2 protein chains.
Amino acid sequence: MSSQSARSIASRQYPCEKCPLRPLPAFREFDKQELSFISTFKRGELAVDKGATVLVEGSHSAHLYTVLSGWAFRYKLLPDGRRQILNYSMPGDLIGLQGSLMGEMQHSVEALSPMLLCVFEREQLHELYRNYPGLAYDITWIASREERMLDENLLSIGRRTALERAAYLIAFIASRARGVGLNGKTPVRIPITQQHIADTLGLSLVHTNKTIRKLMDRKLVMWRDGGCEVIDYDGLKKLARWEGLGEERRPLI
Amino acid sequence: MSSQSARSIASRQYPCEKCPLRPLPAFREFDKQELSFISTFKRGELAVDKGATVLVEGSHSAHLYTVLSGWAFRYKLLPDGRRQILNYSMPGDLIGLQGSLMGEMQHSVEALSPMLLCVFEREQLHELYRNYPGLAYDITWIASREERMLDENLLSIGRRTALERAAYLIAFIASRARGVGLNGKTPVRIPITQQHIADTLGLSLVHTNKTIRKLMDRKLVMWRDGGCEVIDYDGLKKLARWEGLGEERRPLI
DNA sequence: CGGCAACTTGAATCAATTCAAGACACGTGG
DNA sequence: CCACGTGTCTTGAATTGATTCAAGTTGCCG
């Protein structure tokens, strides 16, 4: 629950033309004009500590961000403190688009690990829409992708059993992480606690723990270094009756 | 579970300039150019029977729609038939945007009542983005609004009690319905069965019935004519600890 | 009048929460 | 170097909440 604020670093280390994410097979090619506009769109970079709050519900942020590195999660709170995690953000994902469009943030975002964010000016979105219809289309596409993920999560929480839910969630996160090359030599380590899983699945911490234990007994996942590692990805998918998110190449703003 | 297909009516009764929805206070003003483009964007109207399937998961629809009148719901199925309702659609809402952008439909849509839909050509979306950045922005805004509603639903299913969930859902739907003037003289009648509510809240039919009964005992809602009527809107909001969706005026495509 | 769909209800069973406590690793200050 | 606090994970037991099973009611349409 440490709620420190984000630390800023003004210097920009990565010009968009040398973006380390862009060459990944997960992302579509951009032409020179688009790239150079994004370059001017980018205001700088922001370094964020683990546990820091990137955006707060109720605020009116002047910025939106793309994750360069690190993990975060989006959540909402009920007045009495009950927390629901809505989705996770990882490299290549846009953060704060909803707030940029609708004015006020309706959810908060917290870093799960140290992060590096590309900072964009909300005001310039209009210019993007005026002059770069392709990028505008991409942004709508990104919003739709988020919607699709939420649909899946809703199906999961509403209709899957606890064991299926846990299997689905871990497979889902691992699948996305692999898409952005987060599995170097070793399998991906997902930097979340069981409390995060509980707050994502809509279960209590105790029951989540017992459920994850079953997944570990079945040798589907492993818990190590305060994080989760997938042992048998296909086993998780099968248990969850999940088809996987047939992801084509996507835009990177 | 009647799964008849939609019946088409080619004739267009409502030119966009005389759209019965547009004058409603819920929608923002459009200038003449935008209006005339939308007019050419519109291919015709589609009449749909109650219970008909408008769009099916897995299909590649060439169209997207705006609801002129009537109600529908969006849902996903698990392989074994478990159903999760994701959201409801009512007049002024866009249907099938996600499918238009991503190619394949990832959810199905079924009519809750007879409906009238404006039909648009998916192909022309690109032209819209190229020539009408304001409308393009609107479409992204609409996608974000859907995302926001899903966030709320996720919070509800994940973290609210059964009674709070039911109260939230009914207040939420009623609030949206009132926004588009569906409460003429009498209170809105929401044309859904308790099975729909169960499949939205992630509860069994039996337990949903007992939960709704509690709401009726508290004189918050009423069940009549195979549908639901709100008696005490503020009471529902309070019980659900829901602030309401502070809706400003929104675009109507 | 029969049949079907939606709504009700009680009882038995199962799943999930809450309560309570302990284990373990890690970092910090004495 | 050790004591202490904190955060995370773990486990058992009691309780509550939700599901399933089984029947019955009601209203409507052909």
Side-chain angles (χ1 to χ4, degrees), chain A residues 1-4 49-51 78 80-85 110-113 156-167 169-170 189-217 221-229, chain B residues 1-4 49-51 73 78 80-85 110 112-113 156-167 169-170 189-217 221-229:
Chain A
M1 290 286 147
S2 56
S3 179
Q4 359 164 203
D49 294 327
K50 171 177 171 172
L78 248 18
D80 63 359
R82 283 174 284 178
R83 179 175 75 171
Q84 177 64 37
I85 295 182
E110 184 180 321
L112 277 169
S113 70
S156 200
I157 297 194
R159 285 301 179 217
R160 276 192 249 250
T161 66
L163 194 66
E164 290 169 345
R165 268 186 244 188
L169 176 63
I170 294 171
R189 203 193 106 260
I190 305 169
I192 56 180
T193 67
Q194 297 190 358
Q195 182 68 64
H196 291 120
I197 297 208
D199 285 350
T200 312
L201 301 183
L203 298 171
S204 71
L205 177 58
V206 172
H207 195 241
T208 299
N209 177 275
K210 287 168 183 167
T211 304
I212 290 176
R213 182 130 296 280
K214 283 182 196 163
L215 292 181
M216 299 193 335
D217 292 346
V221 302
M222 207 178 141
W223 220 259
R224 220 174 52 183
D225 298 333
C228 169
E229 277 179 23
Chain B
M1 291 288 144
S2 57
S3 180
Q4 2 165 200
D49 293 328
K50 171 178 170 170
F73 64 95
L78 248 16
D80 63 0
R82 282 174 283 178
R83 179 175 75 171
Q84 177 64 37
I85 295 183
E110 184 180 320
L112 276 169
S113 71
S156 199
I157 298 195
R159 284 301 179 218
R160 277 192 248 252
T161 66
L163 194 66
E164 290 169 345
R165 267 186 245 188
L169 176 64
I170 295 171
R189 204 194 105 259
I190 305 169
I192 56 179
T193 67
Q194 297 189 358
Q195 183 69 65
H196 291 120
I197 297 207
D199 285 350
T200 312
L201 301 183
L203 298 171
S204 71
L205 176 58
V206 173
H207 195 241
T208 298
N209 177 276
K210 287 167 183 167
T211 304
I212 290 176
R213 182 130 296 280
K214 284 182 196 163
L215 291 181
M216 298 194 330
D217 292 345
V221 304
M222 208 179 140
W223 219 259
R224 218 172 54 182
D225 298 332
C228 170
E229 277 179 25

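Order of the sequence lines fixes the chain letters, A, B, ..., with proteins taken first and strands second; residue numbering starts at 1 for each chain. We use all heavy atoms of the structure for the numbers below, so side chains are in, but hydrogens, waters and symmetry mates are not. Treat the numbers as computed from the prediction; the structure is a model and nothing was measured.
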(message) Is it the case that the side chain of B/R224 and the backbone of B/R189 share a donor-acceptor pair, with hydrogens and angles ignored and the cut-off at 3.5 Å?
(response) no
(request) Give a yes or no on whether the backbone of B/D199 and the side-chain of B/R82 come within a donor-acceptor separation of less than 3.5 Å. (result) no
Nearest-angstrom distance from the residue atom [atom1] of [X] to [atom2] of [N]:
X      : N      : atom1 : atom2 : result
B/D225 : D/dG27 : CG    : C1'   : 11 Å
A/R159 : D/dA18 : CZ    : P     : 13 Å
A/L205 : D/dT8  : CG    : P     : 10 Å
A/R224 : D/dC9  : CZ    : C1'   : 17 Å
B/K210 : D/dT16 : NZ    : P     : 17 Å
A/K50  : D/dT8  : NZ    : C1'   : 11 Å
A/N209 : D/dC9  : CG    : C1'   : 6 Å
A/D217 : D/dT10 : CG    : C1'   : 12 Å

(request) Using the closest heavy atom to pick a nucleotide of DNA chain D for each, name whichever of A/I212 or B/S204 lands nearer the 5' end. (result)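 Checking each residue's closest nucleotide, the 5'-ward one belongs to A/I212.
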(request) Using side-chain contact (heavy atoms from CB on, under 4.5 Å) as the criterion, point out the one residue from A/R213, A/K214, A/H207 that pairs with A/T211. (result)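 Passing option: A/H207.
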Would you classify [X] as touching base, sugar-phosphate or nothing, given that sugar-phosphate means primed atoms plus P, OP1 and OP2, and contacts are heavy atoms under 4.0 Å?
X      : answer
B/L203 : sugar-phosphate
A/G227 : nothing
A/T193 : sugar-phosphate

Any side-chain heavy atom of [X] sitting closer than 4.5 Å to one from [Y]?
X      : Y      : answer
B/K50  : B/E110 : no
A/I170 : A/C228 : yes
B/Q194 : B/W223 : yes
B/R83  : B/H196 : yes

(message) Under 4.0 Å from a heavy atom of chain A: give me the 5'-most and 3'-most nucleotides of DNA chain C that qualify.
(response)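 From 5' to 3', the first and last contacting nucleotides are C/dA16 to C/dC19.
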